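Notes for the one structure printed next.
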Amino acid sequence: MYHLQIFPTFCILWQKRQDWKPLEDRRCTDIPWLILFALFNVGMLFICGFAISTGAASRLISGYDSYGNTCGQKNTEIPGIESSGKDQTLNKYVFFLDPCNIDLVKRKINSVALCVFRCPETELQTYDDLRKFAFTNGSKLCSYEVSLDRYSDDPNKATKCPKLPVPPSKSFPVFHRCTPADISCYAKFAEALITFVSDNSVLHRVITGVMTSKEIIMGLCLLSLVLSVIMMGVIRFISALLVWLLTAIVVLGSLGGTGVLWWLYVDHRVSANSTLPATELQVAKDNEKALLIYAIAATVFTLVLLLLMFFMRKRVALTIALFRVASKVFGHLPLLVLQPFWTFLTLMLFWVYWITVLLLLGTAGNPVKNNQTGLVEFKMDGPQQYMVWYHAVGLIWISEFILACQQMTVAGAVVTYYFTRDKSQLPLTPLLSSVMSVMRYHLGTVAKGAFIITLVEIPRLILTYIHNQLKGSENGCARCMVKACVCCLWCLEKCLSYLNQNAYVATAINSTSFCTSARDAFIILAENALRVATINSVGDFVLFLGKVLIVSCTAFAGVLALNYQREYTVWVLPLIIVCLFAFLVAHCFLSIFEMVVDVLFLCFAIDTKYNDGSPGSEYYMDKALMMQLGAQDCRKVDRQEGGLVTMAIKHARLRSSG
């Protein structure tokens, strides 16, 4: 009797200390950070307005020549610059005398630019062809001071006239630049960019093959998108079969791939021992060594994979149960599947805006004469040059803000689903309701969380740039220290990102500020550290298997598709492009599922901490989650609480059967 009298009193005191009030008191959070973020965006808009007001927009779109004249309009004379102030109303296109001479360091075409009436659509091989083209079309392709009758005998024609032969070109859409139609120019640019490639002819074939296979690459990218959507549907309906099927496919694929590599090694070794010419024998030996390395690496990978599967076999059942519960969420919230589309679309729109403003800043500023070339360049001086750094910070902060909005939106929708006892009372579109709630109450919290990630990401990117600049230097100690700092900052960024995500969940539950939510979420996670480690390791591993399957299927389809394009023999770059895109798409879709699992687990941890299933303190979780996910923990608590949890589960089973 004494224990029975103390237990209710303890429960009352325990209830008074409860700080979690799911979906009850909605209020605005972190308003100062919302104001700060709004002011920062005003600064971003000011930079855009400054670039447009200084004429950078017209110079970017219409283009300008090397003497400061904007094509397609009348111009004012620039003091000290010859050939400036010309009326270029009829000459609307920019023509470069040497369009393939690209300066990688300064990121510009290192060539004289002229405003012309029309781009040459056919190849011009001689200076007489240049003069005939000027008479016929009214486009003077040599510098303004060179008259038409001097095209052939002008002593400076090598620098004042275009490099012969002039390749056919066409106007670039919107930006009025004459761009060569021959892709060999772009291949030469790639050769200059990738300086470590010794065989330029191979690289030339690779770039040419990518351009000729662009339809296949686009089709394979679309296939990866379809496979990712199918994967989400498979997870929704057959989560248990998916886990075991993915595991079996990866294990069997690893064993089969390792066996094939060893078979190829043995086959090449036998061939190398046979009578072959000297040149072919050397090639066979090189292939034999390469296959041996590949086979050993595949064997080590397969052994590690098998060991991981052996030690994690008992925890796979927990992942299956958790995935089944998460699939119910997608059944009630089907719009969650489309969330990556809206996030990706928003990011793409912002990145297009950001790149446009960056290009505007590149053409903004005052005209300055280059004493070495005698041509005009537009440069920003004084405080204006810091606009580019401000704009770069905006790229990171606003991108992280958009991603954080997705996390907060998904968290709000899943929290609403979890803490609504009667699922029939859910909003018509919980995801849209979550979007409205984020926009009305929690934009300041999102801005603060994104700013914290930005503070870590900026120094990491700076140190990464420094590390790249130190490559090839003799100071190995400095490179090692910088690389260690980059790794530490990367780890810190990942930890903060995970804590931020759980802080957004706590904000969606309690409507508290970012710091309070982060503290509360950290306490809950620390109390459930073992379960967090189990769910994250097994769940991430299973989702990683899903990404591997999508990438593998896309790559296999790519090999089959490229095999029918016999004139293209270098498959490396197209397959790399397709596999990278497939992995990014799969990551975007499966990360939503992973996010739902993480939100559900935090909600479950809060639910089991502050509720015990007794009358007046019922669980918020549905019965399937109570039976599946909490079975092991309930048995542990049951031994401590004298069977109270078992009684609660039996009561829930009776209610479900009734």
Side-chain angles (χ1 to χ4, degrees), residues 19-42 44 329 333 335-336 338-340 342-343 345-347 350 394 396-420 426-456 496-525 591-592 594-596 598-603 605-607 620:
D19 296 325
W20 296 85
K21 299 178 180 179
L23 308 177
E24 291 184 8
D25 187 14
R26 284 286 141 207
R27 58 183 179 274
C28 296
T29 56
D30 296 300
I31 297 178
W33 280 94
L34 177 59
I35 297 174
L36 178 63
F37 185 70
L39 293 176
F40 181 85
N41 282 275
V42 170
M44 295 284 289
V329 177
L333 311 176
L335 292 180
L336 280 177
L338 302 178
Q339 185 60 35
W342 310 125
T343 303
L345 180 61
T346 305
L347 282 174
F350 169 68
I396 301 175
W397 192 4
I398 297 178
S399 298
E400 292 294 336
F401 176 83
I402 295 173
L403 294 174
C405 283
Q406 172 183 268
Q407 294 177 350
M408 178 70 84
T409 300
V410 173
V414 177
V415 164
T416 302
Y417 166 83
Y418 187 95
F419 289 105
T420 301
L426 284 170
L428 182 61
T429 54
L431 191 64
L432 295 180
S433 300
S434 178
V435 171
M436 298 304 297
S437 177
V438 171
M439 295 179 62
R440 182 177 179 182
Y441 297 110
H442 305 310
L443 286 179
T445 299
V446 174
K448 186 174 182 178
F451 181 76
I452 292 176
I453 300 298
T454 304
L455 285 181
V456 180
L496 289 176
S497 298
Y498 182 73
L499 183 59
N500 278 10
Q501 178 179 330
N502 287 279
Y504 298 146
V505 178
T507 299
I509 295 174
N510 258 355
S511 196
T512 51
S513 63
F514 177 84
C515 291
T516 303
S517 300
R519 179 201 63 195
D520 296 341
F522 179 78
I523 293 174
I524 294 294
L525 293 174
S591 63
I592 293 295
E594 180 183 3
M595 199 179 303
V596 171
D598 291 338
V599 175
L600 279 175
F601 176 75
L602 187 62
C603 293
I606 295 170
D607 196 8
Y620 283 96

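Keep in mind it's a predicted model, so treat the numbers as computed, not measured. Excluded from the calculations below are hydrogen atoms, water molecules and symmetry mates; all remaining heavy atoms, backbone and side chain alike, are included. All residue numbers refer to positions in the sequence shown, counting from 1.
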Q: Look at the rings of Trp33 and Trp397 and say which category their plane angle falls in: under 30° parallel, 30 to 60° tilted, over 60° perpendicular.
A: perpendicular
Q: For the pair Asp598 and Glu594, evaluate side-chain contact (heavy atoms from CB on, under 4.5 Å) and give the outcome as yes or no after the intermediate values.
A: CA-CA 6 Å; Asp598 291 338; Glu594 180 183 3; 4.0 Å; yes
**Q.** Shortest non-hydrogen contact from Ala518 toward Leu499
**A.** O-CD1, 3.9 Å
(Q) If you define the side chain from C-beta out and look only at heavy atoms, does anything of Val596 sit under 4.5 Å from Val599? (A) no
Q) Shortest non-hydrogen contact from Ile453 to Ser497? A) CD1-OG, 3.6 Å
Q. Is it the case that Thr445 and Thr29 place a side-chain donor and acceptor less than 3.5 Å from each other?
A. yes
(Q) Between Phe37 and Ile398, does the side-chain contact (heavy atoms from CB on, under 4.5 Å) criterion hold? Intermediate values first, please. (A) CA-CA 9 Å; Phe37 185 70; Ile398 297 178; 4.3 Å; yes
(Q) Let me confirm one number: the CG-OG1 distance from Leu431 to Thr416, rounded to the nearest 0.5 Å. (A) 10.0 Å
Q.
Strictly distance-based, threshold 3.5 Å: is any side-chain N or O of Thr409 a donor or acceptor partner for the main-chain N or O of Cys405?
A. yes
Q. If we only count heavy atoms from C-beta on, is the Gln406 to Ile592 side-chain gap below 4.5 Å?
A. yes
Q: Answer yes or no: is there a donor N or O on one side and an acceptor on the other, between the side chain of Ser437 and the main chain of Ser433, under 3.5 Å?
A: no
(Q) Contact between Asn500 and Phe514 at the side-chain level, heavy atoms closer than 4.5 Å - yes or no? (A) yes
**Q.** Euclidean distance, Gln501 CD relative to Leu403 CG, rounded to 0.5 Å
**A.** 11.5 Å
Q. Quick one: are Leu443 and Phe401 in side-chain contact, heavy atoms under 4.5 Å?
A. yes
Q: Check step by step if side-chain contact (heavy atoms from CB on, under 4.5 Å) holds for Cys603 and Ile509.
A: CA-CA 9 Å; Cys603 293; Ile509 295 174; 4.3 Å; yes
Q. About how many Å separate CD of Gln407 and CD of Glu400, when rounded to the nearest 0.5 Å?
A. 8.5 Å
Q. Does a side chain donor of either Ser517 or Thr512 reach within less than 3.5 Å of an acceptor in the other side chain?
A. yes
Q) So how far is it from Ser513 OG to Ile31 CD1, rounded to the nearest 0.5 Å? A) 11.0 Å
Q) Of the non-hydrogen atoms in Ser434 and Gly412, which two are nearest, and what is the gap between them? A) OG-CA, 3.4 Å
Q | Taking every non-hydrogen atom, the tightest pair across Gly449 and Tyr504 | A | CA-OH, 3.4 Å
Q) Which pair of heavy atoms, one from Met595 and one from Val410, lies closest together, and at what distance? A) SD-CB, 3.8 Å
Q) Rounded to the nearest 0.5 Å, what separation is found between the CG atom of Leu39 and the CG atom of Leu34? A) 9.5 Å
**Q.** Straight-line distance of Asp30 CG to His442 NE2, nearest 0.5 Å
**A.** 10.0 Å
